[in-house]
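Quick notes on the structure that follows.
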Amino acid sequence: ALYMMAVCQSQLGQLDRSLQTADDLLKVEGNELYALYLKGLIQAKRGQELEAIKEWDLVREKDPSISDLRIPAYLFFYELGLLKVEQGFPEEGIEILKQSLTHNQVNNVQQAAECMESIGSAYEELGNVEMAEFYWKKLVEFEGQAETKPSHIAREGLANLALQNKQPKG
């Protein structure tokens, strides 16, 4: 009941009340992981992304496989990985996004495609064009086999890399 109350409060924009309800849920035995996950969602919604990362890192610390969270592990890793990349932790974000891909064998092909796109973009941000190219090519191949929306970012990134490779060195 506390979980649903916190979710409803959050959806109504009552983020402070929702966070307090999630704190109350944290005190109920057997709900610690879900309460921490919920607190992270609320913090992200409040614009407190670094606080969200702290909450979700606690979830990972307490349950590294995310087997007891009651949400699909691939979804948790995807959300956390994206947030880490967006907040300036691309190396950590990439590793977490890779965990999302590992856990998302056939669950959600669109999310898997978006994950590959994000990994490629994060590698590009780090200046590792070889790995960016690897993930973007993997994504383009994947799109040919699965029903997903085409990735303009991957295609644009691959085109830019091709143009850079054709320019004379010197």
Side-chain angles (χ1 to χ4, degrees), residues 1-128 131-132 135 139 142 146 148-149 151-154:
L2 285 174
Y3 172 77
M4 289 308 296
M5 183 183 301
V7 170
C8 289
Q9 290 167 333
S10 175
Q11 290 176 343
L12 292 171
Q14 300 171 357
L15 300 179
D16 291 336
R17 287 181 69 190
S18 179
L19 195 56
Q20 181 57 51
T21 303
D23 279 331
D24 293 342
L25 180 63
L26 192 57
K27 298 170 192 167
V28 177
E29 188 176 334
N31 287 292
E32 182 181 21
L33 294 175
Y34 217 48
L36 290 169
Y37 172 70
L38 181 59
K39 286 180 68 173
L41 286 175
I42 296 164
Q43 293 288 22
K45 197 170 182 176
R46 293 173 78 200
Q48 302 293 319
E49 289 85 358
L50 294 176
E51 290 299 317
I53 287 172
K54 285 180 190 175
E55 301 293 351
W56 289 347
D57 279 344
L58 281 173
V59 172
R60 281 185 41 215
E61 183 181 307
K62 294 176 184 301
D63 182 18
S65 67
I66 311 300
S67 58
D68 296 328
L69 189 54
R70 292 187 251 165
I71 67 162
Y74 75 89
L75 184 59
F76 172 81
F77 288 127
Y78 178 68
E79 291 173 344
L80 178 57
L82 283 181
L83 199 54
K84 291 249 185 185
V85 170
E86 290 168 3
Q87 293 304 306
F89 308 103
E91 295 94 349
E92 287 180 68
I94 287 168
E95 293 310 310
I96 294 168
L97 287 168
K98 287 179 182 178
Q99 285 182 287
S100 177
L101 282 177
T102 300
H103 284 84
N104 184 6
Q105 298 301 319
V106 292
N107 295 309
N108 185 327
V109 294
Q110 185 60 44
Q111 185 272 334
E114 291 169 5
C115 194
M116 284 183 249
E117 180 179 88
S118 296
I119 293 170
S121 296
Y123 272 124
E124 180 188 40
E125 182 181 317
L126 289 171
N128 188 337
M131 289 305 292
Y135 275 93
L139 172 57
F142 181 75
T148 63
K149 294 184 275 185
S151 169
H152 301 292
I153 291 173

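Keep in mind the model is a prediction, meaning the values are calculated, not measured.
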Going from [atom1] on [X] to [atom2] on [Y], what distance comes out if it is rounded to the nearest 0.5 angstrom?
X      : Y      : atom1 : atom2 : result
Met131 : Ile94  : CE    : CD1   : 8.0 Å
Phe77  : Cys115 : CZ    : SG    : 11.0 Å
Arg17  : Cys8   : CZ    : SG    : 11.5 Å
Leu36  : Leu41  : CG    : CG    : 11.5 Å
Ile42  : Thr21  : CD1   : OG1   : 7.5 Å
Ile119 : Leu82  : CD1   : CG    : 9.5 Å

Ring geometry between Trp56 and Phe76 (parallel below 30°, tilted from 30 to 60°, perpendicular above 60°):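 Taking Trp56 first and then Phe76, their aromatic rings stand perpendicular (interplane angle over 60°).
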Glu49 vs Glu86 side-chain heavy atoms within contact, under 4.5 Å: no
Side-chain touch Gln43/Ile53, heavy atoms, less than 4.5 angstrom: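 A side-chain contact is absent here, since even the closest heavy-atom pair is not under 4.5 Å.
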Which heavy-atom pair separates [X] from [Y] by the least distance, and what is that distance?
X      : Y      : value
Val59  : Leu33  : CG2-O, 3.8 Å
Gly93  : Val85  : CA-CG2, 3.8 Å
Glu124 : Ala132 : N-CB, 3.7 Å
Ser65  : Ala73  : O-CB, 4.0 Å
Lys39  : Ala22  : CG-CB, 3.5 Å
Leu38  : Ala6   : CD2-CB, 3.4 Å

Working for side-chain contact (heavy atoms from CB on, under 4.5 Å), residues Asp57 and Lys84: CA-CA 10 Å; Asp57 279 344; Lys84 291 249 185 185; 3.0 Å; yes
For the side chain of [X] and the backbone of [Y], is there at least one donor-acceptor N/O pair under 3.5 Å apart?
X      : Y      : answer
Ser118 : Glu114 : yes
Ser100 : Ile96  : no
Lys45  : Ser10  : yes
Asn104 : Tyr74  : no
Asn31  : Ala35  : no

More than 12 heavy atoms from other groups under 6.0 Å of CZ on Arg60: yes
Leu80 vs Gln99, side-chain contact (heavy atoms from CB on, under 4.5 Å): CA-CA, chis, key distance, verdict: CA-CA 11 Å; Leu80 178 57; Gln99 285 182 287; over 6 Å; no
Side-chain H-bond candidate by donor/acceptor type, Tyr37 with Glu79, under 3.5 Å: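 Per modelled atom types, Tyr37 and Glu79 side chains form a pair under 3.5 Å.
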Flag for Asp24-Gln20: side-chain donor and acceptor within less than 3.5 Å: yes
